[in-house]
Number of protein chains: 2
Amino acid sequence: MSTQERRGSRERLSTQERLVRSTQELLWERGYVGTSPKAILERAGVGQGSMYHHFSGKSDLALAAIRRTAEGMKETAQECLTTPGTAYERVAAYLLRERQVLRGCPIGRMTQDRDVVQSPELRAPLDEMFDWLRGRLAEVLTDGQRRGELAAGLDPVATAATVAAVVQGGYVLARAADDTAPFDAAVEGVLALLAAQVVHPAPRPDSR
Amino acid sequence: MSTQERRGSRERLSTQERLVRSTQELLWERGYVGTSPKAILERAGVGQGSMYHHFSGKSDLALAAIRRTAEGMKETAQECLTTPGTAYERVAAYLLRERQVLRGCPIGRMTQDRDVVQSPELRAPLDEMFDWLRGRLAEVLTDGQRRGELAAGLDPVATAATVAAVVQGGYVLARAADDTAPFDAAVEGVLALLAAQVVHPAPRPDSR
DNA sequence: GTCTATAAAGCGATAGAC
DNA sequence: GTCTATCGCTTTATAGAC
């Protein structure tokens, strides 16, 4: 970690760091096939030689960018899923967190890129990230069942996959409509279905 | 409609038809950015002049292909959603229909293509298709409520968006994992949540 | 480390013969 | 209608000066 990396402004970052961040942005906006080294260099404000000095080529740079993005997504999700509250509330926090819906998921979008999915190295971070996410969601749901908050009949693993899929599919529907409404509706729908699994203790007549 | 179009074999189709079908396949496999006119021509087995005679260019040909694919998807979905049975069973028929999960959704994938979503003309068929799908799913669910099969508290519009999102997101998760399991789990999860909304009439002790 | 120059290949489109 | 030839541009990468 150089001292330069502490500041947020692009100008003070190392060449390597600027390349990775530019690639992260462009992969999100245009996908792997749609992102050219030239575009990356222009956004990073460096010459072609710098890129081929630090990275072996486009795929190597994309790998660094995808790994970085996947790590960031895990951190964001983890924050939502560890908020205090019931299991339902933690899942809701994940589903309702602020998102740039019309931009879609920077990791999910990579799954539609042929070159990415066909390369075991480039696909690995996606696989690992979604696997982790489903695992964490399942943990939260299992935890809710143990505490008696959620119905025992609920399948935590299947439900976790559903929750993750709703988010990814919500992005797809929203981008097709050029409108965030379908995303919000999909989230609202799954939250309502999940709410029906919340166990309400019988109200005690003598409770204060 | 020429007589040639009646047969299934590629050889007997018109040049125009071969171009459209080749484009449909390539858009599914490689997306819009990843599909070159050259690749289309090679798959269709025609020269470059033929393509520019029948279509104004790549985007024009893509428009024809996307419209065709969207129509096909509507027909397939409609078949599932009009099967005899309860509302739950019809939604289940849609969710559980045979799919080439790892290939993803040919329409959903287009939402990750910058050039497609940024063109109102190319995006229109996607928008229309998903809007129609959510509408039909909502109709089936509303129908189920009217017949007393589904809980009155269920929001048909939101739930329809959830169901559509689970399918689209399921594709994303499956492609990331290079495994159909996450898709199946997501579908299983939403079906279980929906099953909890099915109203079971109180068993009549005197029933035969 | 970073730059510019160059290259071979592919891109989307056009021209014009047949 | 269909073909081949060609165009101007971009892509990904390499070479070599500084």
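Per chain, numbering begins at 1; letters A, B, ... match sequence-line order.
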Taking OP1 and OP2 of dT2(C), is either one under 4.0 Å from a side-chain nitrogen or oxygen of Thr15(A)?
-> yes
Which residues, if any, of residues 50-57 of chain A bring a heavy atom under 4.0 Å of DNA chain C?
-> Ser50(A), His53(A), His54(A)
Ignoring hydrogens and angles, tell me if any N or O in the side chain of Arg18(A) forms a donor-acceptor pair with the backbone of Ala44(A) under 3.5 Å.
-> yes
Grab the CG-P distance between Leu19(B) and dG1(D) for me, whole Å please.
-> 14 Å
Of all heavy-atom pairs between Phe55(A) and Ala64(A), which one has the smallest distance, and what is that distance?
-> CE2-CB, 4.0 Å
What does the list of N/O pairs under 3.5 Å between the protein and nucleotides 15-18 of chain C look like, with a distance for each?
none

N/O donor-acceptor pair under 3.5 Å between Gln145(A) side chain and Ala152(A) backbone | yes
Would you please name every residue forming a side chain to side chain donor-acceptor pair (under 3.5 Å) with Arg136(A), sequence neighbours left out?
-> Gln78(A), Glu139(A)
What integer distance in Å separates Leu13(A):CG from dT2(C):P?
-> 13 Å
Mark yes or no for whether Thr82(A), through its side chain, and Glu79(A), through its backbone, hold a donor-acceptor pair below 3.5 Å.
-> yes
Rounded to whole angstrom units, what separation is found between the NZ atom of Lys38(A) and the P atom of dA5(C)?
-> 14 Å
Gap between atoms CG and P, on Leu41(A) and dA5(C) respectively (whole Å) = 15 Å
Taken to the nearest whole Å, CD1/Ile40(A) to C1'/dT11(D) is 12 Å
How would you label the contact of Ser59(B) with the nucleic acid (heavy atoms, under 4.0 Å): base, sugar-phosphate, or nothing?
-> nothing
Spacing of Leu150(B) atom CG and Asp143(B) atom CG [to the nearest 0.5 Å] | 9.5 Å
